[in-house]
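For the numbers below, each heavy atom of this structure counts, side chains included, while hydrogens, waters and symmetry mates do not. Just so it is clear, the structure is predicted and the values come from calculations on it, not from any experiment. By convention in this document, chain letters (A, B, ...) are assigned in the order of the sequence lines, proteins followed by strands, and residues within each chain are numbered from 1.
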2 protein chains.
Amino acid sequence: MAVGGTARVRRTQEARSARSRQRLLTAAAVEFATRGFAGGSVDRIARAARVNKAMIYYHFGSKAALYREILRDMFEAVSLRVGEAARGTAAPEDKIRAFVDAFATEAEARPHFPPIWFREIAEGGAHLDPATLGSMSGVLKSLGHILREGHHAGRFQPINPLLVHAGIIGPILLFFASASLRGRLERAGVPGIATVSRDDVVAHVQRVALIALEGRRRK
Amino acid sequence: MAVGGTARVRRTQEARSARSRQRLLTAAAVEFATRGFAGGSVDRIARAARVNKAMIYYHFGSKAALYREILRDMFEAVSLRVGEAARGTAAPEDKIRAFVDAFATEAEARPHFPPIWFREIAEGGAHLDPATLGSMSGVLKSLGHILREGHHAGRFQPINPLLVHAGIIGPILLFFASASLRGRLERAGVPGIATVSRDDVVAHVQRVALIALEGRRRK
DNA sequence: GTCTATAAATAGATAGAC
DNA sequence: GTCTATCTATTTATAGAC
């Protein structure tokens, strides 16, 4: 019973530790998305997570390491999801649709994702470690794989994957990151801006990507 | 001669003041693009401009006011250029091409523009004053004007301007803001990324925007 | 207009008790 | 694992001499 009690206590402490670690990650994601890496404050993160500030250094070592962990989680999840979309035996057109949908789903599920991605791009990827860089290139490679398949099947024109990539993630990131800004523009007198839904954007990007790939000739 | 001398001195001082003011604006644009508003430091801006730090407060009043001035300049210039593209009697298709080209030209001419725009979006437009908000909506309105013209002429399908807007500025901003990141990805083993040129991107975005607007039916 | 010096607040990080 | 207290550096901003 003494042993069982000790084990139970240990389990409880471990669970509490894991929970406070997770609370810090969640609070940090919000803080960094809102204020950026430099603008984010460990004091505010600790306060929002209702965890002592020293725990940030206990769990992660530094503000930069905490930030990198968030980046890693984020890009790993995206890379995984779009990788699933690229594999399998579905038609190339359906894979493009799945790629777009997976990216948008991931961007929507993690509201901090689009703003942090934008900021990281603006900073030239200053905080990206090799693992995260690997996930980023994984996204591009998955798309390149779909494009090659489609080309070999005679259904897609050869287009540089970077252009298709930019045409997909650019609008989607922009849409999700600009939610609050669109609200302000609508109130400032630009009509019909708030009526666009997530599904509208996904459908539009899917359609545009596909007709671009089909490669109908234009003068 | 005494009067002429005084006037000449005054002119020289004014010119020097205007020059140091301009130097501060240039240095601040680089600093804010690289590190963001919160991460940017007035000390570093003053040092880079080789101007005394106190002059920032003399000329602009505060770090925030200096930042807002940069935003105003930037969005005014863009709004003006795309406004020119939207006016006139050219065919709607050519106006779309001109819109895309004007936006890309402006983004390229001011390297700080894409990263600052991205950061400002991520921040929900926290630093946008009414004038700048007006310029932003002006860009959207110019595009909406072209789309309406094209629709009335029976050449464009009706599509929400926000979707077309995101499909144009998303990829272009992404391309210019990610220059250094693309270099790192290329070195990390993603081939064919550095070969894409400004003209490739502009041509691709023009083509994609137009075939989307022509509205060929897809299942 | 330009400078020096400095105020006042806040930042990231750590030592050490429990 | 968690806490308090604190160190040091850096931040924006200003007062006042010239």
Side-chain angles (χ1 to χ4, degrees), chain A residues 5-32 34-71 119 123 126-127, chain B residues 5-32 34-71 119 123 126-127:
Chain A
T6 307
R8 188 159 50 244
V9 167
R10 192 179 309 119
R11 225 173 12 249
T12 305
Q13 285 172 344
E14 279 166 11
R16 181 175 302 177
S17 175
R19 215 156 40 223
S20 80
R21 195 190 138 91
Q22 188 51 53
R23 294 175 61 82
L24 284 171
L25 280 171
T26 305
V30 174
E31 174 77 1
F32 289 136
T34 312
R35 308 184 186 247
F37 174 69
S41 142
V42 292
D43 275 281
R44 260 193 306 266
I45 291 171
R47 209 177 317 132
R50 294 199 303 274
V51 168
N52 192 276
K53 178 171 66 159
M55 296 308 291
I56 289 179
Y57 297 92
Y58 172 76
H59 279 301
F60 305 100
S62 73
K63 173 186 171 179
L66 166 58
Y67 182 67
R68 280 195 301 269
E69 178 125 347
I70 290 173
L71 289 181
R119 290 187 194 271
E123 232 139 301
H127 308 277
Chain B
T6 306
R8 189 158 51 243
V9 166
R10 192 178 310 118
R11 226 174 11 252
T12 305
Q13 285 171 343
E14 279 166 10
R16 181 176 302 177
S17 175
R19 215 156 40 223
S20 80
R21 194 190 139 91
Q22 188 51 52
R23 294 176 60 82
L24 284 171
L25 280 171
T26 305
V30 174
E31 174 77 2
F32 289 135
T34 312
R35 306 182 188 250
F37 173 71
S41 141
V42 292
D43 273 284
R44 260 194 307 266
I45 292 171
R47 209 178 317 132
R50 292 198 305 272
V51 168
N52 191 279
K53 178 173 63 161
M55 296 308 290
I56 290 179
Y57 297 92
Y58 172 76
H59 279 300
F60 305 100
S62 73
K63 173 185 171 180
L66 166 58
Y67 183 66
R68 279 195 301 270
E69 178 124 347
I70 290 174
L71 289 182
R119 290 186 196 272
E123 232 139 302
H127 307 278

Student: Can you name the residues that form a side chain to side chain contact (heavy atoms under 4.5 Å, CB included) with Ala64(A), not counting sequence neighbours?
Tutor: Phe37(A), Ser62(A), Arg68(A)

Student: Just to verify, what does Tyr67(A) make a side-chain hydrogen bond (donor to acceptor under 3.5 Å, both in side chains) with, not counting sequence neighbours?
Tutor: Glu120(A)

Student: Grab the two heavy atoms, one from Val30(B) and one from Thr34(B), that are nearest each other, plus how far apart they are.
Tutor: O-OG1, 2.7 Å

Student: Which pairs count as ring-ring contact (aromatic ring centres under 6.0 Å, His included) when at least one residue sits in residues 40-63 of chain A, sequence neighbours excluded?
Tutor: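 Checked against ring-ring contact (aromatic ring centres under 6.0 Å, His included) - neighbours excluded - no pair reaches residues 40-63 of chain A.
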
Student: Residues of residues 17-29 of chain B with any non-hydrogen atom less than 4.0 angstrom from an atom of DNA chain C: list those, numerically ordered, please.
Tutor: Ser17(B), Ser20(B)

Student: Listed by chain and number, what are the side chain to side chain contact (heavy atoms under 4.5 Å, CB included) partners of Ala29(B), not counting sequence neighbours?
Tutor: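 Checked Ala29(B) against side chain to side chain contact (heavy atoms under 4.5 Å, CB included); matches are Ile70(B), His112(B).
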
Student: Among pairs that include at least one residue of residues 17-31 of chain B, which meet salt bridge (Lys or Arg N to Asp or Glu O under 4.0 Å), considering only residues two or more places apart or in two chains?
Tutor: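 As it turns out, the salt bridge (Lys or Arg N to Asp or Glu O under 4.0 Å) pairs with a partner in residues 17-31 of chain B, which skip direct neighbours, are Arg21(B)-Glu69(B), Glu31(B)-Arg35(B), Glu31(B)-Arg44(B).
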
Student: Yes or no on side-chain contact (heavy atoms from CB on, under 4.5 Å) for Leu25(B) and Leu66(B), after CA distance, side-chain angles and deciding distance?
Tutor: CA-CA 8 Å; Leu25(B) 280 171; Leu66(B) 166 58; 3.8 Å; yes

Student: What stem regions, each of at least 3 consecutive Watson-Crick or G-U pairs below 3.5 Å, can be found for DNA chain C?
Tutor: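 Consecutive-pair runs (3 or more) involving DNA chain C: C:1-10 with D:9-18, C:12-18 with D:1-7.
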
Student: Determine the minimum heavy-atom distance between Ala27(A) and Ala48(A), stating which atoms define it.
Tutor: CB-CB, 4.1 Å

Student: Students should find this one: the first and last nucleotides of DNA chain D, 5' to 3', lying under 4.0 Å from a heavy atom of chain B. What are they?
Tutor: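 Footprint of chain B along DNA chain D, 5' to 3': dT11(D) to dT14(D).
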
Student: Minimum heavy-atom separation for Leu24(A) and Ile56(A), please, with both atom names.
Tutor: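 Distance-wise, the nearest heavy atoms are CD2-CG1, 3.7 Å.
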
Student: Would you mind listing every salt bridge (Lys or Arg N to Asp or Glu O under 4.0 Å) that reaches into residues 45-62 of chain A, with sequence neighbours excluded?
Tutor: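 Non-adjacent pairs meeting salt bridge (Lys or Arg N to Asp or Glu O under 4.0 Å): Asp43(A)-Lys53(A).
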
Student: How does protein reach along nucleotides 8-15 of chain C, written 5' to 3' as B (base within reach of a heavy atom under 4.0 Å), S (only sugar-phosphate), or - (no contact)?
Tutor: ---SBBB-

